[in-house]
Amino acid sequence: MRWHKRLLVAGVTGVLALTASACAGGQVRGAGGTPKPAESSGSSQPAASSAAQANDSTFVYVPNLDVVTDWDPATSYSNEIVAMQNIYEGLTRYNSQEKKAEPRLATEWTSADDGKEWTFKLRQGVKFHSGATLDAEAAKKAIERTIEKKGGAAYIWDAVKTIDAVDASTLKFTLKYATPLDLVASSGYAAYIYDVNAVDKDGKSDAGTGPYTIDSWQKGKETELTLKAYEGYWGGWKPDQYKKVAYRVTPEITTAWQLLQKGEVNFVQRLNPQLFQQAGTTPNVQTASSPSFQNLLVLFNTASGPAKDVKIRQALQYAIDYDGLVAALKGSGQKGNGLVPQGLLGRTDDMEPKQDLAKAQALLAEAGYGPDNPELKLTMTYAQGDDDQKLLVTLLSSALKGMNVTLQAKPMTWSAQWDLGKKQGQDLFVMYWYPDYPDAYSWFVNVFKSAAKPQFNLSYLKDSAIDAEIDALPQLTATDQLKADQAYKDLQKKIIQDQAAVAVPYVQTYQRALTSDVEGYVDNPAYPNVVFFYDLKKRAS
């Protein structure tokens, strides 16, 4: 469950805390896509009017939870993505409108040997915040250090056999198996290029190439983190761009909304449906709504306890009131349809779940439970403070009660829930998931591949045939997307229908609110909850 994964995710009125050092789950991206970065001779900055005035104001972002849990760009895997995507850059960035990777620190790239060899040409004239120059050797060292640290989302580089700095501007990857490395390089985690020599023994570093650098960090303070413009940024600066950014931690959504109305803050990452509707008619406020890649997973314990029986798991799938839940979300979520959200390879349109209490009761009876049989007690954990998940629990508890099933549901902090889950301590585990890079592979390799010690495989599914199909996905994606698309669809049927390891109630819709003087904001679902401040400007009054 991440804000994701690693992360913390905001519910309609609360937050779901997912602080992990390596995850992609749930936790925890309104209008179009991200502007295409400029080639080496240009800039990706937003256009400014000829009469642009200097923008001396600070852009204030309001998160619900603490921002930074890990400063190391190699192992970071949590909420700090909202800051680090503005401090660091990767070789590529995902364009959610065009559904492909686009240039960032690499201006162009080619693949050969059926997707097992990739060559990236680096942008010239780029400086790290440390003052060092970006070249192929520096990029090679950064990626190799990330791989060696084996933390966070470092698994994204698992296909890499060797990295060669062919010359100062050419980086060549030789892979063990074919992989879409241009997408991998656009990952929200573990794809940062940084000055290895500027990272201290604790992993702290402000040696990225991004448009912003760290101004101050005060852990536990309301204004936890402030950023300032890196004047040496390769893209250059124009007067009306924001050169100062502050993250003001505000746990209560009603307080955040009041601050936005007063103009004391500029961006609230999530409002509940009532406040979002109100924001749409509030002077000096604008709203943005867009689909995300973040879905809610209800994972069933396939290894122990009552849910070890597949009939119990199937009954639970049928007992969920998917339509009622989505209706209550009032636009902040759309019904799930398989594991893969809209916009990613492998999306299926024929697995929309439906509540069927008669089937649920029949399956329970086959398993020896139900109104005329012994009471079935099931334990369930979910995110403390997340009203969306609480609603799911309420609806499911009510449906099961009529079938002589008691759901003992417990709200927990993410760390406590995750610790229990790694010990197989519950029958149902609820969390969000979203991909590390814009590819469906993240759900399968992290959540459903066999694991000797559970990390995010919290259904504890162990199926060697499914494992083999998961392992084949990266190469298929790189070499034959039609086959990869079908492989993803086949796997979803095996995991959801045959194994009944999970239910997917909904995909979250991001609902943001901003002050009306902000121009250029777009939501990119590949980078959950990230505001790319460099692409914004302040509207002239």
Side-chain angles (χ1 to χ4, degrees), residues 2 4-5 22-26 92 94 99-101 111 113-118 147 152-161 173-191 293-295 297 299 336-351 433-451 455-459 461-499 501-502 504 507 525-526:
R2 319 148 145 192
H4 172 59
K5 279 159 174 155
C23 152
T92 63
Y94 186 70
K99 296 182 174 58
K100 65 180 183 180
S111 65
D113 191 20
D114 293 325
K116 290 192 287 186
E117 182 180 295
W118 290 76
I147 293 170
Y155 79 90
I156 66 172
W157 301 108
D158 280 354
V160 174
K161 182 179 180 181
F173 295 81
T174 302
L175 308 184
K176 293 173 280 189
Y177 50 86
T179 292
L181 207 64
D182 54 342
L183 280 182
V184 169
S186 73
S187 173
Y189 298 96
F293 291 158
Q294 179 172 304
N295 56 16
L297 307 181
L299 296 161
N337 200 325
L339 284 165
V340 183
Q342 190 71 43
L344 296 176
L345 185 73
R347 164 73 175 187
T348 181
D349 293 319
D350 62 355
M351 293 186 66
W433 198 262
Y434 64 76
D436 296 303
Y437 60 94
D439 187 282
Y441 182 59
S442 177
W443 277 270
F444 298 87
V445 71
N446 284 299
V447 187
F448 296 106
K449 187 175 177 182
S450 300
Q455 287 295 312
F456 295 100
N457 179 345
L458 297 167
S459 71
L461 183 64
K462 288 189 177 181
D463 187 303
S464 58
I466 286 177
D467 291 345
E469 291 182 50
I470 290 173
D471 288 340
L473 290 171
Q475 182 164 338
L476 276 178
T477 301
T479 59
D480 192 330
Q481 291 204 345
L482 284 176
K483 286 186 178 179
D485 187 60
Q486 188 59 51
Y488 275 120
K489 291 175 180 177
D490 292 344
L491 268 170
Q492 288 172 85
K493 289 179 180 176
K494 290 176 183 177
I495 291 168
I496 298 175
Q497 296 177 350
D498 299 345
Q499 295 286 347
V502 63
V504 188
V507 181

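- You'll find the side chain of Thr179 stays beyond 4.5 Å of the side chain of Thr477, heavy atoms only.
- Using a 4.5 Å cut-off on side-chain heavy atoms (C-beta onward), Tyr437 and Ser442 make no contact.
- Taking CG of Asp114 as the reference point, atom CD of Gln475 lies at 8.5 Å (rounded to 0.5 Å).
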| message | The test is side-chain contact (heavy atoms from CB on, under 4.5 Å); show your working for Glu469 and Leu476 and say whether it passes. | response | CA-CA 10 Å; Glu469 291 182 50; Leu476 276 178; over 6 Å; no
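- Rounding to the nearest 0.5 Å gives a distance of 12.5 Å between CD of Gln492 and CG of Asp498.
- For the pair Trp118/Val160, no side-chain contact is recorded, criterion being any heavy-atom separation below 4.5 Å from C-beta on.
- Here the shortest heavy-atom pairing between Ala191 and Ala185 reads CB-O, 3.5 Å.
- One side chain, Asp490 or Gln486, offers a donor N or O that lies under 3.5 Å from an acceptor on the other.
- Considering only heavy atoms from C-beta on, Trp443 comes within 4.5 Å of Leu297 through its side chain.
- At a threshold of 4.5 Å between non-hydrogen side-chain atoms, the residues Thr479 and Tyr177 do not count as touching.
- Ile466 is listed as a side-chain neighbour of Leu491, based on a closest heavy-atom distance under 4.5 Å.
- Each of Ile495, Leu299, Leu339, Val502 was evaluated against Val447; a single residue qualifies, Leu299, per the side-chain contact (heavy atoms from CB on, under 4.5 Å) test.
- Judged purely by distance below 3.5 Å, without hydrogens or angles, the side chains of Asp182 and Thr92 never pair a donor atom with an acceptor atom.
- Note that NZ of Lys489 and CE of Met351 are 11.5 Å apart. Values are rounded to the nearest 0.5 Å.
- When all heavy atoms of Gln342 and Phe293 are compared, the closest pair comes out as O-CE2, 3.5 Å.
- Of the candidates Asp467, Asp463, Asp471, Asp471 is the only one forming a side chain to side chain donor-acceptor pair (under 3.5 Å) with Lys449.
- Between Leu181 and Val184 the shortest side-chain heavy-atom distance falls below 4.5 Å.
- Under a 3.5 Å cut-off, the side chain of Arg347 and the backbone N or O of Pro341 do not form any donor-acceptor pair.
- Asn295 contributes atom CG, which lies 11.0 Å from atom CG of Asn337 (distance to the nearest 0.5 angstrom).
- The side-chain heavy atoms of Tyr155 and Asn446, taken from C-beta on, include a pair separated by under 4.5 Å.
- Ala190 approaches Ala154 most closely through the heavy-atom pair CB-N, 3.9 Å.
- Taking both residues in full, the closest heavy atoms of Pro474 and Pro180 are given as O-CD, 3.6 Å, listed atom of the first, atom of the second, then distance.
- Atom OH of Tyr94 and atom NZ of Lys99 lie 6.5 Å apart (nearest 0.5 Å).
- Taking every heavy atom of both residues into account, Leu175 and Gly115 meet most closely at CD1-O, 3.5 Å.
- The CG atom of Leu183 sits 13.5 Å away from atom OH of Tyr441, with the distance rounded to the nearest 0.5 Å.
- Using modelled atom types and a 3.5 Å distance limit, the side chains of Asp439 and Tyr488 yield a donor-acceptor pair.
- Minimum heavy-atom separation, Ser187 to Ile156: CB-CD1, 3.7 Å.
- Other residues, nucleotides and ligands contribute more than 12 heavy atoms inside 6.0 Å of the NZ atom of Lys176.
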